[in-house]
2 protein chains.
Amino acid sequence: MDWKNVTFDWNQARAVLATAEQGSLSAAAAALGQTQPTLSRQVAAFETALKVTVFERVGRGLTLTPAGAELINHLQDMRDAALGLSLAASGQSQDLEGEVRITGSDVYAAMILPDILTQLRRVAPNLIIDVVADNQIQDLQRREADIAIRHVRPEQPELIARLIGHASGSFYAHQSYLDRHGIPRTVEELSACDFIGLADVDRMIDYFKPLGIHVTANQFKARSANGVVAWELAKAGLGVLPMSDLVAQDCPGMVRLMPDLKMLSFPFWLTTHRELHTSARIRIVFDHLADALRSYVN
Amino acid sequence: MDWKNVTFDWNQARAVLATAEQGSLSAAAAALGQTQPTLSRQVAAFETALKVTVFERVGRGLTLTPAGAELINHLQDMRDAALGLSLAASGQSQDLEGEVRITGSDVYAAMILPDILTQLRRVAPNLIIDVVADNQIQDLQRREADIAIRHVRPEQPELIARLIGHASGSFYAHQSYLDRHGIPRTVEELSACDFIGLADVDRMIDYFKPLGIHVTANQFKARSANGVVAWELAKAGLGVLPMSDLVAQDCPGMVRLMPDLKMLSFPFWLTTHRELHTSARIRIVFDHLADALRSYVN
DNA sequence: TTATCTGTATACGTTTTTGCATGGATTGGA
DNA sequence: TCCAATCCATGCAAAAACGTATACAGATAA
């Protein structure tokens, strides 16, 4: 590597960019937390060093010369890289340590969060992540968790919520079940299947009705309030279970039933308490979760 | 724009990258033209400012920590942008002025160079470009030109030559000619066409023979030693003319004959004299021509 | 026109950064 | 084991950069 072409003063380059974007040396100085004379000298020194007149001094304010305009894109590239560096560094910072508690349904906690947290480990290795897997919604204001992944918007206006996107769900059954009972191709055939029950069978029955699926409680031949267990029951061929497509799609042997059936799509909300604004620790986890979940949903 | 995240010392960032890539503070200092204590302090200050331990001091030499490794890509992005800035700035430099004489065949000079020189104007606005359009090969050592675009490698070993790539040629005729005489679909039919003559008709006849095209001098019903004129004669429908596909492809009305005919492909050489090594003026034109021609050829 | 506001350039004392010299520490080979 | 080579950290004086204060210039409005 030949460094000779890169030994100009990079801080002066930043000063030039700030001046160009802010429109004046004074504004740039304020933005960068320096003084106007400093910016003035840095910009002048940059022009001398690279032998390019970047600005035309026209009375009050400076104007970019055509030569300067050709350089701006490169300066912006430098700034963007510096911004990326800053973000990465704040993740790697030794100061960024401590515990962040994330809550989500047991299914998401078991099926989706591990991958995301593996990526997060790279970005912020000193954080300790506590995953609270519970289908009951935790109370963020009482600090039962710092960040919640839920399908409902929180009611409390004190909480900060970000809509990640919408996910869809479908009915799934294992191939072994379908081999024995046939593949249901209509809502009527589906209504005759065995189902796996989640926490509240009556709520499930009510939830199925608008889809045209009419079942009775005794069709729920296997039950578990734990979503992961219920999913395993379905994988064992014990019946049909509605499941988020996100979770189900990578599961071999499980067949998505009636793909044309329009199941309700449900929103993905990421919620946290006000400390998001003051805690870099929580912010970086929140932002990373938002990014990662968004890429899962889309 | 919020500059707070970017106000760390960018020169320190460069010091960190150089140290990481060179493997030691001493080597980095030598590469950057500074001293080892300076680098030592810059790296330490960077680590303090961003609260990241980038290097592990292990006896002789430093080793990147995992946290540091996460930052290297961003640092390289910054460096790459700085390099781009440096190149652009050297083009825009007020010092980069004077004349550069480029020679090439009249066809390339008229049909290809203008576009390339328009781009070059943006990159190096203070240069004066003199285009020597001549089908005779100019003598670079006698400074009849600074840079030559040719299809032959220069014999003199004192000259610097770069192979740009290979271009192909084909026979072309105007639609109006083909309307009158029909489209030749075999070498025999092509051998019966009228041709446009360039400088030396006998050499053209010899050149056609290995392709299976046998013509006589009196089939060259129109002639010009000037390639652009010959091309215009062909566009007027006066006959068939072999032409570089590069030049011909964007010419409406001109039809490429027998696309399956394997015409010889010819190399593109960019040649200059030794001053390339000492003149930024010539170097930037040479490099820009090489880039632009390469994108034309490929 | 004049007063005022906004913005840039320069002088000067202070702070920060740099290079030189040096000491301490580790590695590799005699 | 000892020596030489290599490399990093630190003290100190010189050099460079910075901030404060101020002077100067164009734009705006009374």
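Order of the sequence lines sets the chain letters (A, B, ...), proteins ahead of strands, with each chain counted from 1.
- With the end axes of the helix from dT1(C)-dA30(D) to dA30(C)-dT1(D) each set by five pairs, the angle from one to the other reads 30° at 10° resolution.
- Side-chain atoms of S90(A) and S93(A) include no donor-acceptor pair closer than 3.5 Å.
- Atom CG in L32(A) sits about 16 Å away from atom C1' in dA17(D), given to the nearest Å.
- Looking only at distances, no side-chain donor or acceptor of E70(A) sits under 3.5 Å from a matching main-chain atom of Q92(B).
- One interatomic measurement links the two molecules: CG of L25(A) to C1' of dT8(C), which rounds to 7 Å at whole-angstrom precision.
- Rounded to a whole Å, the CG atom of L39(B) is 13 Å from the P atom of dC7(D).
- Distance CD (Q22(B)) to P (dT6(D)): 17 Å, rounded to an integer number of Å.
- Without hydrogens or angle criteria, R281(A) side chain to E99(A) main chain gives a donor-acceptor distance under 3.5 Å.
- Rounded to whole angstrom, the span from the CD atom of E56(A) across to the C1' atom of dG26(D) amounts to 15 Å.
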Do any N or O atoms of the protein come closer than 3.5 Å to N or O atoms of nucleotides 10-18 of chain C, and which pairs are they?
residue: dT18(C); atom: OP1; partner: Q42(B); partner atom: NE2; Å: 3.0

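- Using modelled atom types and a 3.5 Å distance limit, the side chains of E144(A) and T103(A) yield no donor-acceptor pair.
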Stepwise side chain to side chain contact (heavy atoms under 4.5 Å, CB included) check, V54(B) with V43(B): CA-CA 8 Å; V54(B) 181; V43(B) 170; 5.7 Å; no
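- dT27(C) atom P lies 16 Å from atom CZ of R57(B), rounded to whole Å.
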Evaluation steps, side chain to side chain contact (heavy atoms under 4.5 Å, CB included), between L50(A) and Q12(A): CA-CA 11 Å; L50(A) 298 197; Q12(A) 291 173 1; over 6 Å; no
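- Judged by a 6.0 Å distance limit and a 45° cone about the ring axis, R79(B) is positioned over the six-membered ring of W3(A).
- Taking the centre and axis of the six-membered ring of W269(A), the NZ or CZ atom of R150(A) falls outside the cone set by 45° and 6.0 Å.
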